[in-house]
Amino acid sequence: MRAAEIERKTKETQVTVSLNLEGGDLTIDTGIGFFDHMLHAMLFYAGFGGTVICKGDLYVDGHHSVEDTGIVLGQALRAALGDKVGIRRFASSCVPMDESLEFCALDVSGRPFLVFHADMPQERIGDYDSCLTLEFMRALAMNAGLTLHLKCEYGLNAHHITEGLFKALGLALKEAVRVESDVVTSTKGALQ
């Protein structure tokens, strides 16, 4: 069973993530409505099940909650993947969201790296600061061990751009973690 549960508690947040790569129900509550919507979209399109709960210092702003959720979700993804034997490893996807077009390419390599090119035309989306998408993606990539490239090809609406990025990531994850063989997908025999 490719699943994991991770909890992280600091003075700023308490985050609990359970993740099942084989699917299941989703329960998400971070206290930030738009962020909950994005996490649900990403995990739904990835075909994952699980729970993401964050109790954070939202009286400050959403930064700690979003970043720490990315950290714990990344750790859970890494743990659920285990030794990565047989996974496809590489994947990419494009998602059109109305006037915008988003692209994601990733490698479940164990070598974290993020390239992020997505200007946000509006600073806020409801109670969510648009700049937090970059913070979440960085935290996720670094803690999951993903080489992650995200790009908005064009777009005028920060809601559409952000949603397209999260959905593109989910679709790429679905393909990348799919088990296709019984060997490690690497010419050197290891994904580290």
Side-chain angles (χ1 to χ4, degrees), residues 1-10 13-30 35-36 38-56 64-93 95 103-116 133-150 165-192:
M1 183 95 143
R2 298 190 305 160
E5 184 168 338
I6 305 286
E7 185 171 349
R8 180 177 193 260
K9 186 173 183 178
T10 71
T13 64
Q14 181 172 349
V15 183
T16 303
V17 171
S18 65
L19 190 64
N20 186 335
L21 305 189
E22 308 306 328
D25 293 334
L26 289 170
T27 302
I28 299 167
D29 183 6
T30 66
F35 186 47
D36 290 354
M38 294 302 96
L39 291 173
H40 187 271
M42 181 185 80
L43 296 172
F44 174 84
Y45 284 102
F48 299 165
T51 302
V52 178
I53 306 294
C54 177
K55 305 294 183 198
H64 299 144
S65 293
V66 171
E67 183 177 33
D68 289 5
T69 297
I71 290 169
V72 179
L73 189 57
Q75 291 171 348
L77 177 57
R78 188 177 205 131
L81 283 166
D83 60 12
K84 303 181 191 126
V85 170
I87 66 167
R88 182 174 185 206
R89 180 181 168 185
F90 297 100
S92 63
S93 69
V95 169
F103 171 76
C104 173
L106 60 83
D107 176 8
V108 185
S109 62
R111 295 185 311 277
F113 202 90
L114 175 68
V115 177
F116 185 92
T133 300
L134 170 59
E135 300 302 324
F136 171 79
M137 296 301 181
R138 180 184 296 122
L140 180 75
M142 295 303 130
N143 286 276
L146 302 177
T147 300
L148 177 60
H149 292 242
L150 290 161
L165 291 170
F166 274 87
K167 287 179 175 178
L169 173 56
L171 288 167
L173 280 170
K174 182 176 188 172
E175 292 301 310
V177 305
R178 187 175 68 219
V179 176
E180 294 186 328
S181 73
D182 60 358
V183 297
V184 174
T185 310
S186 171
T187 55
K188 62 186 172 195
L191 290 174
Q192 296 297 341

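Bear in mind that the values here come from a model prediction, so they are computed numbers and not experimental data.
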Inset, instruction - Please tell me if the side chains of F44 and L26 come closer than 4.5 Å, counting only heavy atoms from C-beta onward. - result: yes
Legend entry - H149 side chain reached by L106 side chain, heavy atoms, under 4.5 Å: no
Legend entry - Backbone of V15 reached by a side-chain donor or acceptor of T13 within 3.5 Å: no
Can you list, pair by pair, the side-chain donor-acceptor contacts under 3.5 Å of residues 77-91, counting residues two or more places apart and other chains?
| from | atom 1 | to | atom 2 | distance (Å) |
| --- | --- | --- | --- | --- |
| D83 | OD1 | V85 | N | 3.1 |
| R88 | NH1 | E175 | OE1 | 3.2 |
| R89 | NE | D107 | OD1 | 2.6 |
| R89 | NH1 | T185 | O | 2.9 |
| R89 | NH2 | D107 | OD2 | 3.1 |

Inset, instruction - Check ring pair (Phe, Tyr, Trp, His ring centres under 6.0 Å) between F48 and all other residues, then give those that pass, not counting sequence neighbours. - result: none
Legend entry - side chain to side chain contact (heavy atoms under 4.5 Å, CB included) involving A41 - partner list, sequence neighbours excluded: K167
Legend entry - Atom pair OG1/CG of T51 and L19 - distance to nearest 0.5 Å: 9.5 Å
Legend entry - Euclidean distance, M38 CE relative to L43 CG, rounded to 0.5 Å: 11.5 Å
Legend entry - Flag side-chain contact, heavy atom, 4.5 Å: V108 against L146: yes
Inset, instruction - Please tell me if the side chains of Y45 and V95 come closer than 4.5 Å, counting only heavy atoms from C-beta onward. - result: no
Legend entry - salt bridge (charged side-chain N to carboxylate O under 4.0 Å, His left out) involving K55 - partner list, sequence neighbours excluded: D29
Inset, instruction - Report yes if the side chains of M137 and F166 come closer than 4.5 Å at any heavy-atom pair, otherwise no. - result: yes
Legend entry - Validation row: C104, L148 side chains within 4.5 angstrom (heavy atoms): yes
Inset, instruction - Evaluate whether atom CZ of F116 has more than 12 neighbouring non-hydrogen atoms of other residues, nucleotides or ligands under 6.0 angstrom away. - result: yes
Inset, instruction - Report the residues that fulfil side chain to side chain donor-acceptor pair (under 3.5 Å) with H64, sequence neighbours left out, ordered by chain and then residue number. - result: E12, D57
Inset, instruction - Answer yes when K9 and E7 have at least one side-chain N-carboxylate O distance shorter than 4.0 Å, and no when they do not. - result: no
Inset, instruction - For E5, check salt bridge (charged side-chain N to carboxylate O under 4.0 Å, His left out) against everything at least two apart and list the hits. - result: none
Inset, instruction - Apply side chain to side chain donor-acceptor pair (under 3.5 Å) to T133 and list each qualifying residue two or more places apart in sequence or on a separate chain. - result: Y128
Legend entry - Any residue meeting side chain to side chain donor-acceptor pair (under 3.5 Å) with S18, in chain and number order, not counting sequence neighbours: none
Inset, instruction - Measure the spacing between CZ of F35 and CD1 of I28 and express it to the nearest 0.5 Å. - result: 9.0 Å
Legend entry - Interatomic spacing from CG in L114 to OG1 in T147 - rounded to 0.5 Å: 10.0 Å
Inset, instruction - Keeping to residues at least two apart or across chains, list the salt bridge (Lys or Arg N to Asp or Glu O under 4.0 Å) pairs with something in residues 42-52. - result: none
Legend entry - Side chain to side chain, V179 and R2, heavy atoms closer than 4.5 Å: yes
Inset, instruction - Would you give the length of the straight line joining atom CG of L173 to atom CE of M42, rounded to the nearest 0.5 angstrom? - result: 6.5 Å
Legend entry - Residue pair T69 / L39, side-chain heavy-atom distance below 4.5 Å: yes
Inset, instruction - Can you see which heavy atom on P112 is nearest to which on G110, and at what distance? - result: CD-O, 3.3 Å
Inset, instruction - Report the residues that fulfil side chain to side chain donor-acceptor pair (under 3.5 Å) with D36, sequence neighbours left out, ordered by chain and then residue number. - result: T30
Legend entry - S92: side chain to side chain contact (heavy atoms under 4.5 Å, CB included) partners, not counting sequence neighbours: F103, A105
Inset, instruction - To the nearest 0.5 angstrom, please state how far the CD1 atom of I71 sits from the CD atom of E135. - result: 10.0 Å
